[in-house]
2 protein chains.
Amino acid sequence: METAIEKLKSLKIKVTRSRVELLKFLMDNKGHFTAEDIFKRLQDQYPNLNLASIYNNLNLFDEHGMIRRLYTHREKAVWDADAGAHAHFVCDVCGKIFDLELPQIPEKYYLKYSGSFKVSHEEIIFRGICNKCEKKENI
Amino acid sequence: METAIEKLKSLKIKVTRSRVELLKFLMDNKGHFTAEDIFKRLQDQYPNLNLASIYNNLNLFDEHGMIRRLYTHREKAVWDADAGAHAHFVCDVCGKIFDLELPQIPEKYYLKYSGSFKVSHEEIIFRGICNKCEKKENI
DNA sequence: ACCCTTATTTAGAATGATTATAATACGCGA
DNA sequence: TCGCGTATTATAATCATTCTAAATAAGGGT
């Protein structure tokens with residue numbers, strides 16, 4: 001499997017320590033993270049790492065389609081280490097994000113935007129309450 | 001048609017000037033707005049209006065399902081005066097939001113969340129570039 | 001392997017949307 | 001009309017993210 005360094009080189013992105021640590025983290029921990037999450041979890045192995053670099057490189061990776069910025073939360077940005085097509089469920093109570101598989105839908109049911117837009121990608125978000133929180137609320 | 005005041009009363013929401021002006025605005029201008037947008041457009045007719053009240057009441061109306069908070073933009077909240085089911089297209093260049101009709105899809109194609117979640121609502125967002133911006137970029 | 005150029009990182013400050021606070025004003029039921 | 005409780009106001013606080021300027025490091029060319 002492609003290493004973080006190989007991936008950066010293949011995309012002609014300059015290989016720096018920040019980028020390698022960040023990308024390794026994302027490749028090893030497929031999931032949904034804020035910049036702060038990642039920052040905290042990388043500090044042990046790279047104490048000089050700067051939060052601004054995390055932000056810069058998350059944005060950079062997003063522009064390259066390596067990860068995806070999720071617009072799920074009001075107060076902070078969340079990045080999805082898995083840029084593949086899938087939907088999300090967000091719990092209004094605990095805030096957790098769950099991945100959902102997209103069903104295969106025949107083309108005739110596709111939403112049509114009448115040639116007015118060039119769509120680069122699509123987000124589907126369900127909101128509500130997850131099982132765990134629902135149980136807690138019924139105590 | 002129901003007036004703003006009638007609507008507030010029917011929902012047992014205390015009728016205040018801020019709320020009436022805000023709700024009137026939203027009923028008269030079905031569209032997508034930031035708190036700041038609305039604030040500026042209401043200042044002529046209500047100079048004492050406070051931005052914090054706009055925020056409070058947008059959140060209140062959202063909780064009552066009268067409007068819908070959109071998670072379309074990174075940097076600021078956008079509210080949709082139309083809480084009915086529809087999708088959105090967001091232009092990455094100009095930031096404009098366009099409404100899209102949702103197609104009717106047979107139930108067998110619905111996304112299944114295996115009973116783990118109680119879904120309250122769904123958001124579908126397409127991103128890309130709109131016709132106008134596309135033309136500008138090709139000059 | 002060593003410069004040199006340029007992009008990146010760093011630390012800290014700045015920004016800006018949103019929320020919190022505390023005092024005042026207002027809605028509305030009695 | 002009175003009085004209670006909630007909403008509004010003005011202002012300050014918060015906090016995620018971006019900006020700035022100086023220091024550092026990557027990597028192409030020699």
Side-chain angles (χ1 to χ4, degrees), chain A residues 3-25 32-43 45-64 66-67 69-79 95 97, chain B residues 3-25 32-43 45-64 66-79 95:
Chain A
T3 67
I5 291 177
E6 284 162 1
K7 176 138 210 170
L8 291 172
K9 283 189 176 164
S10 76
L11 291 165
K12 297 191 166 45
I13 297 173
K14 197 186 266 190
V15 177
T16 67
R17 172 119 193 241
S18 295
R19 288 173 182 166
V20 174
E21 297 283 359
L22 174 59
L23 186 52
K24 267 189 194 159
F25 176 84
H32 316 98
F33 306 100
T34 66
E36 192 77 32
D37 289 339
I38 300 171
F39 183 57
K40 280 185 191 144
R41 294 189 47 188
L42 289 180
Q43 275 185 319
Q45 66 215 64
Y46 185 13
N48 287 330
L49 177 62
N50 193 284
L51 185 55
S53 292
I54 304 260
Y55 277 104
N56 286 338
N57 290 319
L58 285 170
N59 283 321
L60 181 73
F61 292 173
D62 190 16
E63 283 157 25
H64 281 84
M66 302 155 69
I67 61 175
R69 207 265 195 202
L70 301 184
Y71 290 68
T72 47
H73 288 71
R74 179 169 337 199
E75 63 286 353
K76 51 178 62 166
V78 177
W79 275 271
I97 299 173
Chain B
T3 67
I5 291 177
E6 285 163 1
K7 176 139 210 167
L8 291 173
K9 283 189 175 163
S10 75
L11 291 166
K12 298 190 166 45
I13 297 173
K14 197 187 267 191
V15 176
T16 67
R17 172 117 195 243
S18 295
R19 287 173 181 167
V20 174
E21 297 283 358
L22 174 58
L23 186 52
K24 267 189 194 160
F25 175 85
H32 317 97
F33 306 101
T34 66
E36 191 77 33
D37 289 339
I38 300 171
F39 183 57
K40 280 186 191 145
R41 294 188 50 186
L42 289 180
Q43 275 185 319
Q45 66 216 61
Y46 186 12
N48 287 331
L49 177 61
N50 193 286
L51 185 54
S53 292
I54 303 260
Y55 276 104
N56 286 337
N57 290 320
L58 285 170
N59 283 321
L60 181 73
F61 293 172
D62 190 15
E63 283 158 25
H64 280 84
M66 302 155 70
I67 61 174
R68 184 141 290 163
R69 208 264 195 202
L70 300 185
Y71 290 68
T72 47
H73 288 71
R74 177 170 337 197
E75 63 286 352
K76 50 178 62 166
V78 176
W79 275 271

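Every value quoted in this text rests on a predicted model; they were computed, and no experiment measured them. No hydrogens, no waters, no symmetry mates; every other heavy atom, side chains included, goes into these values. Just so it is clear: chains get the letters A, B, ... in the order the sequence lines come, proteins before strands, and each one is counted from 1.
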- Item | Of the listed nucleotides D:dA7, D:dT9, C:dA17, the one nearest the side chain of B:N48 | D:dT9

- Between C1' of C:dT8 and CD1 of A:I54, the distance in whole Å: 14 Å

- Under 4.0 Å between a side-chain N or O of B:S53 and OP1 or OP2 of D:dT9? yes

- Query: In whole angstrom, what separates A:E75's CD from D:dA13's P?
  - Reply: 22 Å

- Message: Could you tell me how far apart B:D62 (CG) and C:dT18 (C1') are, to the nearest whole angstrom?
- Response: 15 Å

- Message: Would you say CG of A:L51 has more than 12 non-hydrogen atoms from neighbouring residues, nucleotides or ligands within 6.0 angstrom?
- Response: yes

- Scan nucleotides 18-30 of chain D nucleotide by nucleotide, 5' to 3', and note B when protein non-hydrogen atoms come under 4.0 Å of the base, S if they reach only the sugar-phosphate, - if neither. BB------BS---

- Task: For a ring-ring contact (aromatic ring centres under 6.0 Å, His included) with B:F33, tell me which candidate from B:F25, B:F61, B:W79 qualifies.
- Result: B:F25

- Rounded distance in Å - CD1 (A:I38) to P (D:dA16): 14 Å

- Cation over ring, A:R41 on A:F39, under 6.0 Å and within 45°? no

- Note on the structure: When rounded to whole Å, the CD to C1' distance for the pair A:E63 and C:dA7 reads 15 Å

- Query: What is the distance, rounded to the nearest whole Å, between atom CG of B:L49 and atom P of C:dC26?
  - Reply: 14 Å

- Distance-minimising heavy-atom pair for A:L49 and A:S18: CD1-OG, 3.7 Å

- Task: For atom CG of A:L11, decide whether the heavy atoms of other residues, nucleotides or ligands shown that lie under 6.0 angstrom number more than 12.
- Result: yes

- Query: Under the side-chain hydrogen bond (donor to acceptor under 3.5 Å, both in side chains) criterion, do B:N56 and B:S53 qualify, and how do the steps go?
  - Reply: CA-CA 5 Å; B:N56 286 337; B:S53 292; 5.1 Å; no

- Query: Contact class for A:Y46 vs. all strands (heavy atom < 4.0 Å): base, sugar-phosphate, or nothing?
  - Reply: sugar-phosphate

- Message: I need the NZ-P distance between B:K76 and C:dT19, as an integer number of Å.
- Response: 14 Å

- Query: Taking CZ from B:F39 and C1' from C:dG16, how many angstroms apart are they, rounded to a whole number?
  - Reply: 15 Å

- Task: Answer with base, sugar-phosphate or nothing: what part of the nucleic acid does B:E36 contact at a heavy-atom distance below 4.0 Å?
- Result: nothing

- Is the backbone of A:G95 close enough, under 3.5 Å, to the side chain of A:H73 for a donor and an acceptor to pair up by distance? yes

- Query: If only side-chain N and O atoms of B:N50 are considered, is one of them under 4.0 Å from the OP1 or OP2 phosphate oxygen of D:dA10?
  - Reply: yes

- Message: Looking at D:dA16, I'd like to know if its phosphate oxygens (OP1 or OP2) sit under 4.0 Å from a side-chain N or O belonging to A:T34.
- Response: no

